[in-house]
Each structure stands twice: as structure tokens, then as C-alpha cells.
Novice: 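First the structure, which I've put down as C-alpha cells, then a few questions once you've had a look.
Lettering of chains follows the sequences in order, A, B, ..., and the numbering in each one begins at 1. Values reported hereafter were calculated over all heavy atoms of this structure, with side chains retained and with hydrogens, waters and symmetry mates removed.
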There are 2 protein chains.
Amino acid sequence: MTEKTNPSPAAIKAWARLMRVSRQLVERAEDALKDSSLPPLAWYDVLHELAEAGEGGLRPFQLIERTLFAQYNISRLLARLEADGLVEKLRVADDGRGQTIRITGKGRETRRRMWAVYGRSIAELVGAKLSNDDLDTLSALLGRLRHPAMPE
Amino acid sequence: MTEKTNPSPAAIKAWARLMRVSRQLVERAEDALKDSSLPPLAWYDVLHELAEAGEGGLRPFQLIERTLFAQYNISRLLARLEADGLVEKLRVADDGRGQTIRITGKGRETRRRMWAVYGRSIAELVGAKLSNDDLDTLSALLGRLRHPAMPE
DNA sequence: TCTATATAGATGCAATTGCATTGATATCGG
DNA sequence: CCGATATCAATGCAATTGCATCTATATAGA
């Protein structure tokens with residue numbers, strides 16, 4: 001009987017901090033983007049993955065794996081990105097069900113402008129608050145909370 | 001010129017981990033509640049604050065301060081909680097604009113049943129992954145990322 | 001007191017999310 | 001090759017969120 005069902009005070013506190021801080025940081029980063037009339041973070045996440053993927057693009061299900069967004073969410077987010085001309089959908093030869101999503105020049109440009117704001121938020125909200133050593137410690141601790149199947 | 005506008009690699013990594021891990025943990029906790037046919041985490045947050053507040057209850061704006069939910073969000077969440085009989089709204093004597101929200105017996109019971117599931121999630125997702133020392137370290141690091149005006 | 005401004009909370013409407021399901025192709029077992 | 005099952009992606013519909021605004025009361029200042 002090793003299964004713990006009641007969390008320790010230390011676990012509860014760490015959980016509460018994690019919930020609060022992450023929510024607040026997201027909110028502040030979103031606000032910064034809005035203040036610059038830029039799209040929300042979710043768009044950045046997708047554009048970032050697609051930019052890294054290069055000309056080969058990515059299949060929607062690969063984006064789902066990388067971003068943790070729900071399937072229907074990616075489906076509609078891609079529709080919006082396509083409507084804005086930030087990505088293009090390409091039929092893929094070897095799988096009639098699927099498609100490949102590729103970032104466009106305009107998409108790269110939008111991502112670049114978002115990063116100018118988003119990166120500054122990260123620098124201010126995290127980089128300016130902890131030393132690099134502490135940041136590494138934090139990354140390591142968070143890494144141990146990942147689900148086994150989680151990427152990166 | 002001390003203002004950093006570009007985040008260090010360590011800051012980017014910590015940010016990315018924080019975003020990913022927190023999203024994933026929330027999702028897993030929400031799933032656990034759903035699997036038990038219980039309301040979402042947001043309800044727990046509010047019921048928890050109200051339970052701690054006791055019979056005196058809390059004003060909606062106090063809930064906003066404590067939970068970080070948006071004003072319109074609290075307004076409608078409270079309407080749902082009231083419709084379910086989990087809280088009651090009381091006119092407050094000294095401020096005609098406001099009201100006081102008090103948790104009901106049914107609300108306390110619902111909170112209790114939610115905690116049975118939520119607490120187990122915390123134990124499994126966090127408590128079982130890190131030692132108490134590491135949890136304390138994590139809490140301390142996250143604490144330094146809080147916005148100055150953030151409660152707790 | 002009277003007007004201007006601030007605060008508490010609700011709400012109309014548009015956008016997004018969540019859920020369940022569907023349509024379409026792929027793959028597997030016999 | 002054929003039917004059963006699995007995978008990829010889209011979508012109808014309900015619920016929630018976000019934004020802007022609105023109503024009502026409180027407070028501050030002339």
C-alpha cells in the first residue's frame with residue numbers, strides 16, 4: 001500500500017504556487033501581446049513549431065503532440081491562421097486523410113513581431129527575477145513533473 | 001540601460017517548462033474531476049475561498065483578488081454556483097452596490113467531494129514526484145516569480 | 001448640495017472552447 | 001481482397017470566455 005491519496009502540505013503549497021504563478025504569467029504575457037495589437041500566445045506556439053519545422057511543414061497531429069492543444073482546437077486555430085494568410089495547407093501525397101501545414105512569409109513575419117514582445121515578457125517576468133542557476137534549478141524541478149509521455 | 005529585452009536561454013527554457021507543465025497538470029486534474037462527474041477546478045477555487053472565509057462570506061471583489069479570475073467570470077461563475085445551490089448571495093447592509101457570497105452546506109459537501117479527487121491528483125502529480133525538500137525549493141522559486149501585488 | 005468620478009457587479013454580443021460525432025482514408029486480420 | 005477497426009481532421013451545438021458597456025451606488029470636490 002504505497003499509493004498516497006493525501007497530498008503533503010509541501011505538495012499542496014507547490015501546486016498552489018504553480019497554478020497561481022503560471023496563470024498570472026500567462027495573463028501578463030497575453031496582455032503585453034494585446035497591448036501591441038498582436039495575436040494571442042496560442043498563435044505563437046503554433047507559428048513557432050511551424051517555423052522550426054521549416055519548409056517541410058508539419059501535420060496537424062504533429063502540432064497536437066508538440067503543443068498539447070486539443071485536436072478540435074488545432075483544427076480551428078489552423079483555419080484562423082490560414083484565413084489570415086499565416087500558414088498554408090498542402091495536400092500530402094502519401095496519406096489522403098491528411099495535410100501538411102506550412103508557415104508562410106507573412107507567418108514568419110508575424111512570429112518575429114510577436115517574439116519581440118513575448119521574449120521581452122519572458123525576460124522581464126522570469127529572466128529578471130531569478131539567476132541563471134536558479135532558472136536551471138527550476139527547469140529541472142519542473143522537468144520532473146512532466147508526464148512520462150510528454151515531449152521535450 | 002539595464003533593461004533586458006532578450007531572454008536568456010535559461011529563462012526561455014524555464015518559461016517553456018512552466019507553461020507546458022502547468023497546462024498539463026491542470027488538464028490531468030480536470031480530467032480526474034470529470035471522470036468522477038465533479039465540477040471543474042474553477043468551482044473548487046471559489047468554494048475553497050468561501051469555505052475558508054466562513055459564515056461571514058466574501059464579497060465578489062474579494063474573490064476576484066484571491067482567485068485572479070476576471071470580474072465577469074466571477075459574476076457568472078457565482079450565478080452558476082448559486083443556481084446549483086452551492087452558494088447564496090446576501091445583501092450587504094453598508095454598501096448598496098454589493099453583496100456577500102456565502103457557501104452553503106451543499107457547497108461544503110461538494111467541495112469535500114472535489115477535494116477527495118483533487119487532493120489525490122496533487123499527491124500523485126506532484127507529491128509523488130518530488131521530495132518535500134524539492135517541493136519547498138520549487139515553491140520558493142515560484143514565489144519569486146509572483147507579481148509583487150499578488151496575494152498569498 | 002450638486003456634479004464628477006470611482007467602484008461593485010451584471011450583461012449583450014462575439015469569439016473561443018469543449019464535447020460528441022462525422023466523413024474520409026489507412027491498416028490490419030483472415 | 002474484404003470487412004472490421006484505427007487514425008486524421010472537420011464540424012454542429014452547447015457552454016464558457018472576452019470585451020465593452022451598463023446600471024446602481026458610493027465618494028470626492030467645488
Novice: Take atom CD of Glu27(B) and atom C1' of dC19(C), then tell me their distance rounded to the nearest Å.
Specialist: 14 Å
Novice: Over how many whole Å does the gap from Phe61(A) atom CZ to dA24(C) atom C1' extend?
Specialist: 16 Å
Novice: Rounding to an integer number of Å, can you tell me how far Ile64(B) CD1 sits from dG18(D) P?
Specialist: 13 Å
Novice: Using a cut-off of strictly less than 4.0 Å, decide whether Asn73(B) has a side-chain nitrogen or oxygen near OP1 or OP2 of dT16(D).
Specialist: no
Novice: Looking only at side-chain atoms of Arg80(A), point me to the closest of dT17(C), dT17(D), dT11(D).
Specialist: dT17(C)
Novice: Which class fits the ring pair His48(A) and Tyr44(A): parallel under 30°, tilted 30 to 60°, perpendicular over 60°?
Specialist: parallel
Novice: Does Gln99(B) contact dA8(C) through a side-chain donor or acceptor facing the base, at a distance under 3.5 Å?
Specialist: no
Novice: How many Å lie between CG on Leu41(B) and P on dG18(C), as a whole number?
Specialist: 13 Å
Novice: Within this structure, what is the CG-to-C1' distance between Asp31(B) and dG18(C), rounded to whole angstrom?
Specialist: 12 Å
Novice: With a 4.0 Å cut-off on heavy atoms, is Arg59(A) in touch with a base, just the backbone sugar-phosphate, or nothing at all?
Specialist: sugar-phosphate
Novice: What I'd like to find out is whether the side chain of Lys89(B) reaches to under 4.5 Å of the side chain of Arg102(B), using heavy atoms alone.
Specialist: no
Novice: Here's one to test your reading of the geometry: is the NZ or CZ of Arg23(A) within 45 degrees of the ring axis of Phe69(B) and under 6.0 Å from its centre?
Specialist: yes
Novice: For a quick test of reading the model: is some side-chain N or O of Lys34(A) closer than 4.0 Å to OP1 or OP2 of dC19(D)?
Specialist: yes
Novice: Taking atom C1' of dA14(D) as reference, at what distance in whole Å does atom OH of Tyr72(A) sit?
Specialist: 12 Å
Novice: On the nucleotide dA10(D), are OP1 or OP2 found under 4.0 Å from the side-chain N or O atoms that Lys89(A) carries?
Specialist: yes
Novice: Do you know which of Leu33(A), Leu47(A), Thr110(A) makes side-chain contact (heavy atoms from CB on, under 4.5 Å) with Pro39(A)?
Specialist: Thr110(A)
Novice: Can you check the Leu77(B) CG to dG9(C) C1' distance for me, whole Å?
Specialist: 14 Å
Novice: So, does the side chain of Gln71(B) form a donor-acceptor pair with the base of dA8(C) at under 3.5 Å?
Specialist: no
Novice: Output the rounded distance in Å from CZ (Arg97(B)) to P (dA6(C)).
Specialist: 13 Å
Novice: Can you find a donor-acceptor N/O pair under 3.5 angstrom joining the side chain of Arg76(A) to the base of dG12(D)?
Specialist: yes
